[in-house]
Amino acid sequence: MEKKIKTRREGLPDLPNVIEGVKPVFRFAPNPNGLLSFGHSRGLIINGMYAKKHDGELILRFDDTDTTVKPPMMPAYDIIPEEQEWLCGFPAHRIIIASDRIPVYHEYIAKMISGEFGYVCTCSADDFKVHRVAMTECPCRDNSISDNLGKWQKMNDKNGFQPGDAVVRVKTDMSLKNPALRDWPAARIQTNPHPRVGDAYRVWPLLDFQSAVEDHLQGVTHIIRGKDLMDSTRKQTLLYAHFGWQYPETIYWGRVKVHEYGGFSTSQMRRDIEAGVYSGWDDIRLPTLGTLKRRGIQAKALESFWIELGLTQKDIAVPLSTLYSHNTKIIDSSSPRLAFIREATPMTLTGVLERTGTIAAHPKVDLGQREYHIDQGVWIEAEDYGKPVRLMDLCDIDSVGNIESIDRSDKRPVIHWVAGGSPSTLRIPKGDEIITVEGILETNSHPVGTIVQLERIGYGIIEDDGLLMLHD
RNA sequence: GCUUGUGUGGUGUAGUACGGCCCAUCAUAGUGGGUUUUCAUCCCGCCGACCCGGGUUCGAAUCCCGGCACGAGCACCA
């Protein structure tokens, strides 16, 4: 048996269980209690790439079934699809909103009760926990179907059970080794109004149930998600067995931490934004997709980044420099060069010099010309002052500004300079603070949003009120 | 505690189902150099790893046993 030669695998691993002639269906299901973050981009990119590669479909699903702990944010329903399209390069084939589908989930809850694999439990959370730990069945478990159906009605009735009084459970087995799987809850009562459907429903499904039913209904073939949801798969597999359905192929990845980002949660960000701690979802200190986009990170850079990390189940911590490196490769050839002088110091030029001219906007690619007009002198950075230097693309000068040569005459340091220009600021996000550097920016006509390379500093983007630093 | 998952250089990653082609791949970071009228881009070099201990075998990153470390779940959150 000839063994295949070991070669380095490139890109994403092959998708298991792809059946010829069957379109694979993938899904990504964020909670619209806020906008998307860096971490979400993994799910979108990986699922989106597989869908594209196999000519399958990508479903974007809003899992908005919690009105209490994670209340939905209305603008998210419009913005998340835009963010998804920006990242994937194509719009999702289907968009599903769970809150539109509550009657369907109710129908399956009723089926579950009628099929005797679901029951209404009126034990308190604490009481049930005792049963779960002791592996004993709770008294509600043996109630008859009609009794359960009656209680189910009571859950849906304003004058019946109140939040906390009752939940619907999936009957599994209280002697299961894994405590997480023992008669897990499928639905509970919530009376906080939902921003989309108001108080039309009292009983809302929980994630494990809603997601499981919807995946089946939508014909999802592959679920790719974090391994923190492994027990979720095990719970849902038990439910699928009850319904006689086949569970999709499931792939997991480990937890990713970005060294530069602390512990941000969507809920916390939302609170902070609403409290004015941050200027908005694209505040430059936040790890959101909006911020990444604002900071000039290209969707393709995120794609390369996530492909490189692959689909391992290892928990990892990565530095942002890896992402920046991918981004630099993409933006450099299209980023015009621009001079920004920090701690601007005037340098009067004496001697003979052509005082007007042009300089290429990019050393290798034709991105147009930059014009300059020199009157008395130029601005240079304080750090460069007082030594013989070469003004880039202009002339050699001595320590006080006497022009010594137009052509480059020796190996003296080359520095950047600005003739005229105008005051501007460069904002640099650093952890939870923003560093603002004052300086003189070269006159230019680049529109807001242009990514430029600030010579000898790094990449930046032009905003309404100044420059925003991207990365080195 | 119970359940479940993961351990390859500083950081990621390939290789692990079928042991030899692996004195271990690629990238990033660091470092040295080259190109360049930028401390950028590009190019080249260097650096540096199979969690530990046993076992099986002619041969183990890969198989077996036992440890250790770290993560996640056990919510009327997603």
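Here the structure is a predicted model, which is why all the values come from computation and not from measurement. The figures that follow rest on heavy atoms only: side chains count, while hydrogens, waters and symmetry mates do not.
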Whole-angstrom distance between [N] and [M], as gauged at atom [atom1]:
N: B:U25; M: B:C46; atom1: P; answer: 12 Å
N: B:C65; M: B:C74; atom1: P; answer: 30 Å
N: B:G34; M: B:C39; atom1: P; answer: 12 Å
N: B:C63; M: B:G7; atom1: P; answer: 11 Å
N: B:C22; M: B:U16; atom1: C1'; answer: 12 Å
N: B:G15; M: B:A29; atom1: C1'; answer: 23 Å
N: B:U31; M: B:U4; atom1: C1'; answer: 42 Å
N: B:A49; M: B:A24; atom1: C1'; answer: 9 Å

Measure from [atom1] on [X] to [atom2] on [N] and round the result to the nearest Å.
X: A:Arg456; N: B:U37; atom1: CZ; atom2: C1'; answer: 12 Å
X: A:Asn178; N: B:A72; atom1: CG; atom2: P; answer: 16 Å
X: A:Tyr324; N: B:A27; atom1: OH; atom2: P; answer: 23 Å
X: A:Phe305; N: B:U13; atom1: CZ; atom2: P; answer: 10 Å
X: A:Leu309; N: B:C26; atom1: CG; atom2: C1'; answer: 14 Å
X: A:Leu207; N: B:C76; atom1: CG; atom2: C1'; answer: 14 Å
X: A:Leu320; N: B:A27; atom1: CG; atom2: P; answer: 21 Å
X: A:Tyr119; N: B:C76; atom1: OH; atom2: P; answer: 12 Å

Select one nucleotide: of [options], the one nearest the side-chain heavy atoms of [X].
X: A:Lys314; options: B:U37, B:U8, B:U11; result: B:U8
X: A:Ser325; options: B:G73, B:C76, B:A29; result: B:A29
X: A:Glu383; options: B:A78, B:C39, B:U3; result: B:C39
X: A:Lys227; options: B:U6, B:U41, B:A27; result: B:U6
X: A:Val167; options: B:C76, B:U3, B:A78; result: B:C76
X: A:Lys329; options: B:U28, B:C77, B:U38; result: B:U28
X: A:Pro363; options: B:U11, B:C77, B:A40; result: B:A40
X: A:Asp332; options: B:A40, B:U37, B:C42; result: B:A40
X: A:Asn31; options: B:A78, B:C76, B:C42; result: B:A78

Closer than 4.0 angstrom, basic N to acidic O: yes or no for [X] and [Y]?
X: A:Asp157; Y: A:Lys151; value: no
X: A:Asp231; Y: A:Arg234; value: yes
X: A:Asp215; Y: A:Arg27; value: yes
X: A:Arg370; Y: A:Glu442; value: yes
X: A:Arg342; Y: A:Asp384; value: no

Inset, instruction - Check if the side chain of A:Lys177 and the base of B:C2 share a donor-acceptor pair of N or O atoms closer than 3.5 Å. - result: no

Inset, instruction - Ignoring hydrogens and angles, answer whether the base of B:U38 and the side-chain atoms of A:Gln453 contain a donor-acceptor pair closer than 3.5 Å. - result: yes

Legend entry - Geometric class of the A:Trp204/A:His194 ring pair [parallel <30°, tilted 30-60°, perpendicular >60°]: parallel

Inset, instruction - If the plane angle is over 60° it's perpendicular, under 30° parallel, otherwise tilted; pick one for A:Phe38 and A:Tyr261. - result: perpendicular

With sugar-phosphate meaning primed atoms plus P, OP1 and OP2, does [X] contact a base, only sugar-phosphate, or nothing at under 4.0 Å between heavy atoms?
X: A:Cys123; result: base
X: A:Asp393; result: base
X: A:Phe128; result: nothing
X: A:Lys364; result: base
X: A:Leu391; result: base
X: A:Arg408; result: sugar-phosphate
X: A:Ser124; result: base
X: A:Val414; result: sugar-phosphate
X: A:Leu229; result: base
X: A:Ser267; result: nothing
X: A:Arg234; result: sugar-phosphate
X: A:Gly164; result: base
X: A:Pro319; result: sugar-phosphate
X: A:Thr312; result: sugar-phosphate

Inset, instruction - With A:Trp417 as reference, evaluate A:Phe340, A:Tyr385, A:Tyr372 under the ring pair (Phe, Tyr, Trp, His ring centres under 6.0 Å) test and give the passing residue. - result: A:Tyr372

[N] pairs with, by Watson-Crick or G-U criteria that keep both distances under 3.5 Å:
N: B:U56; value: none
N: B:C46; value: B:G30
N: B:G1; value: B:C74
N: B:C23; value: none
N: B:A69; value: B:U6
N: B:C18; value: none

Legend entry - Reported CD1-to-CG distance for the pair A:Ile359 and A:Asp393, which is rounded to 0.5 angstrom: 4.5 Å

Legend entry - cation_pi(A:Arg196, A:Phe62) dist<6.0 Å, angle<=45: no

Contact under 4.0 Å: [X] side-chain N or O vs [N] OP1/OP2:
X: A:Arg188; N: B:C77; value: yes
X: A:Thr65; N: B:A78; value: yes
X: A:Gln313; N: B:U6; value: yes

Inset, instruction - Find which nucleotide of RNA chain B each of A:Ala317 and A:Leu181 is nearest to by heavy atoms, and output the residue with the more 5' nucleotide. - result: A:Ala317

Inset, instruction - Please work out whether B:A17 sits syn or anti, treating a glycosidic angle within 90° of 0 as syn. - result: syn

